[in-house]
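Take a look at the structure set out below.
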2 protein chains.
Amino acid sequence: MNQWKQGSDARLPLYQRLREEIMDRIASGEWPPDKPIPTEAALTQRYDVAVGTVRKAIDTLVHDGLLERSQGRGTFIRRPDFDASLFRFFRQVDAAGHARVPDSRILARTLEQPAEPIARALALPVEEQTLKLDRLRTLEDGSVLKEEIWLPATRFAPLKEIELERFGTLLYPFYESQCGQRVGSARETLTVETADQETAQALGIATGDPVVVIERVALGYDRTPLEYRRSRGPAATFRYQVEIS
Amino acid sequence: MNQWKQGSDARLPLYQRLREEIMDRIASGEWPPDKPIPTEAALTQRYDVAVGTVRKAIDTLVHDGLLERSQGRGTFIRRPDFDASLFRFFRQVDAAGHARVPDSRILARTLEQPAEPIARALALPVEEQTLKLDRLRTLEDGSVLKEEIWLPATRFAPLKEIELERFGTLLYPFYESQCGQRVGSARETLTVETADQETAQALGIATGDPVVVIERVALGYDRTPLEYRRSRGPAATFRYQVEIS
DNA sequence: CAGTGGTCTAGACCACTGT
DNA sequence: CAGTGGTCTAGACCACTGC
């Protein structure tokens, strides 16, 4: 019954060791993401602990956003929630009060030797090639974003061939279906700069106007960097909110 | 033994009703903030539930940041953690690589009839007066912030008399000691604008340079708005980060 | 040493989901 | 209806804190 892996520190509380076990299973892809993970009863038997301990381990993972429970159906591996993304904070309505349809267009695709900061963000050796996408996005409010996206070329090889029109508005499901690469989390960084002439033109603002720069590193469930993205949008339509407690 | 208050919906799980009870006690100030709240055993008896239920209620409150446990000492009401504040994201080091000593100076104190948006943020009728403070802050990195602070004048009456030099760098402990007003949480909003001449001069940047505006509403433990604050700092030294999962 | 929270167990019963 | 997670109980033992 006792199917513990090696290496977990026996001094840690049981529920924490169990938590590590479950995270390993998720990272390794051992449990398919569209089916429930083993039931509480199954885990209880497999690891020879009490239900309460299994519940506590799962509780912490639910809390950290890795799992999601659904009464009567089971416990599932959660997809990251990009509602928390900084992109959400471009204003919901444009100057005329209209909400426009979000849209996305790939302008260019090139193979590129990554510059040092990009290679570092992707944890790639600089010799490795990246697939670079230039993209123009329209958000719900009509704001325009100019995006540069770098992907490790070997991992995303299939994307080299596919026609640009077939890239959808949502890239992550596309990565998953075409390349089997699943995004499990991401880290975003916000800074502000002033628009140079080219950016200003693309965003429909004046040169020198403030621009919000959002950088994102997207990671797999095993924490491998999968995508590095740098997006620029007009700062005038940006409004971000935090709760402190 | 059964000391439940009225009004809690009997259809809710016990631990959620207990949670509400505890939140009420905190909001009402019934439990002093510097002493532990009643022990698990005491709550078990007082509300006639099992320890596990008390633990679960407290767990959720710890998780939401209202309480804080300390093994062997007890469970305490937590103070809000302003490390989560957006202010933390002005760069840690200035252009010369020095870290300077944070500082703060009150430039002016006036009684003001609040403009409509400020009255709304403080949930005050526009007839109510506010005490307005103008303040210049230096952060660890040497960035300068220009701050405007509005307080409900009646609630903060003692501050009308005190000499400006006696206002410390940290205002919240000062509010508490002088006026008995404790801050329990806050909401911050970030936007970007360009510096007008006056702001540019105060911040030591050029007119038209981008400026980060942070608005903050600070609330008491009972969710009453206590302070509205609007701060402006140079956008060039600002860098904010979020995790998505 | 007494008192506190932390971990772990064992099991009852309820509520929801899919068939 | 069978199977899943959700709530609640009761109690043992451990680890830390302050006296």
Side-chain angles (χ1 to χ4, degrees), chain A residues 1-4 8-23 25-26 31-78, chain B residues 1-4 8-23 25-26 31-78:
Chain A
M1 283 306 158
N2 216 306
Q3 301 204 7
W4 289 95
S8 77
D9 188 339
R11 292 168 310 181
L12 285 174
L14 258 186
Y15 77 92
Q16 282 188 28
R17 285 190 280 157
L18 183 51
R19 187 197 139 97
E20 297 289 328
E21 280 281 330
I22 296 175
M23 288 203 311
R25 294 297 194 282
I26 295 173
W31 290 338
D34 48 342
K35 287 202 295 187
I37 70 168
T39 66
E40 296 180 343
L43 293 171
T44 298
Q45 288 197 4
R46 162 125 65 131
Y47 294 105
D48 194 26
V49 296
V51 235
T53 306
V54 171
R55 294 192 70 78
K56 180 143 188 180
I58 292 180
D59 276 348
T60 66
L61 290 167
V62 167
H63 174 262
D64 294 355
L66 277 91
L67 294 178
E68 164 167 60
R69 296 192 214 253
S70 174
Q71 185 173 146
R73 296 199 304 131
T75 300
F76 297 79
I77 299 174
R78 221 197 57 154
Chain B
M1 288 302 159
N2 216 307
Q3 300 203 9
W4 289 96
S8 77
D9 188 338
R11 291 168 309 179
L12 285 175
L14 259 185
Y15 77 92
Q16 282 188 28
R17 284 190 281 157
L18 183 51
R19 187 196 139 98
E20 298 289 328
E21 280 281 331
I22 296 175
M23 288 203 312
R25 294 298 194 285
I26 296 174
W31 291 338
D34 49 342
K35 287 201 296 186
I37 70 168
T39 67
E40 297 180 343
L43 293 171
T44 298
Q45 286 196 5
R46 162 125 65 131
Y47 294 106
D48 193 26
V49 295
V51 234
T53 305
V54 172
R55 294 191 70 77
K56 180 143 188 179
I58 292 181
D59 276 348
T60 66
L61 289 167
V62 167
H63 174 261
D64 294 355
L66 276 92
L67 294 178
E68 163 167 62
R69 295 193 216 253
S70 174
Q71 186 173 146
R73 296 199 302 133
T75 300
F76 297 80
I77 298 173
R78 222 197 56 154

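What you are looking at is a predicted structure, and each value in this text was computed from that prediction instead of being measured. Each chain gets a letter, A, B and so on, in the order its sequence line appears, and its residues count up from 1.
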- Stems formed with participation of DNA chain D [Watson-Crick or G-U wobble, under 3.5 Å, three or more pairs]: C:1-18 with D:1-18
- Message: Side chains of B:D64 and B:R19, heavy atoms from C-beta outward: is any pair under 4.5 Å?
- Response: yes
- Query: Can you find a heavy atom in the side chain of B:I58 that is under 4.5 Å from one in the side chain of B:L43?
  - Reply: yes
- Item | Any side-chain heavy-atom pair of B:D59 and A:D59 under 4.5 Å | no
- Message: Output the rounded distance in Å from CG (A:L43) to P (C:dA10).
- Response: 16 Å
- Task: Compare all side-chain heavy atoms of B:L66 with those of B:I77 and state whether any distance is below 4.5 angstrom.
- Result: no
- Message: Measuring only between side-chain heavy atoms, which start at C-beta, is A:Y15 closer than 4.5 Å to A:V49?
- Response: no
- Task: Test A:M23 against A:E20 for side-chain contact (heavy atoms from CB on, under 4.5 Å), laying out the working first.
- Result: CA-CA 5 Å; A:M23 288 203 311; A:E20 297 289 328; 3.9 Å; yes
- Task: Would you kindly give the CD-to-P distance between A:Q45 and C:dG11, to the nearest whole Å?
- Result: 13 Å
- Tell me, do A:R25 and A:E21 make a side-chain contact under 4.5 Å, heavy atoms counted? yes
- B:E68 atom CD is separated from C:dT4 atom P, nearest whole Å, by 18 Å
Any protein N or O atoms within reach of nucleotides 6-9 of chain D? Criterion: under 3.5 Å, listing atom names and distances.
| unit_1 | atom_1 | unit_2 | atom_2 | d |
| --- | --- | --- | --- | --- |
| D:dG6 | OP2 | A:R55 | NH2 | 3.2 |
| D:dG6 | OP2 | A:R69 | NE | 3.2 |
| D:dG6 | OP2 | A:R69 | NH1 | 3.3 |
| D:dG6 | O4' | A:Q71 | NE2 | 3.3 |
| D:dT7 | OP1 | B:Y15 | OH | 3.2 |
| D:dT7 | OP2 | B:K56 | NZ | 3.3 |
| D:dC8 | OP1 | B:L14 | N | 2.4 |
| D:dC8 | OP2 | B:L14 | N | 3.0 |
| D:dC8 | OP2 | B:Y15 | N | 3.1 |
| D:dT9 | OP2 | B:A50 | N | 2.9 |
| D:dT9 | OP2 | B:T53 | OG1 | 2.5 |

- Side chains of A:I37 and A:I26: does their closest heavy-atom pair fall under 4.5 Å? no
- Query: Once you round it to whole Å, what is the distance between C1' of D:dT4 and NZ of A:K35?
  - Reply: 16 Å
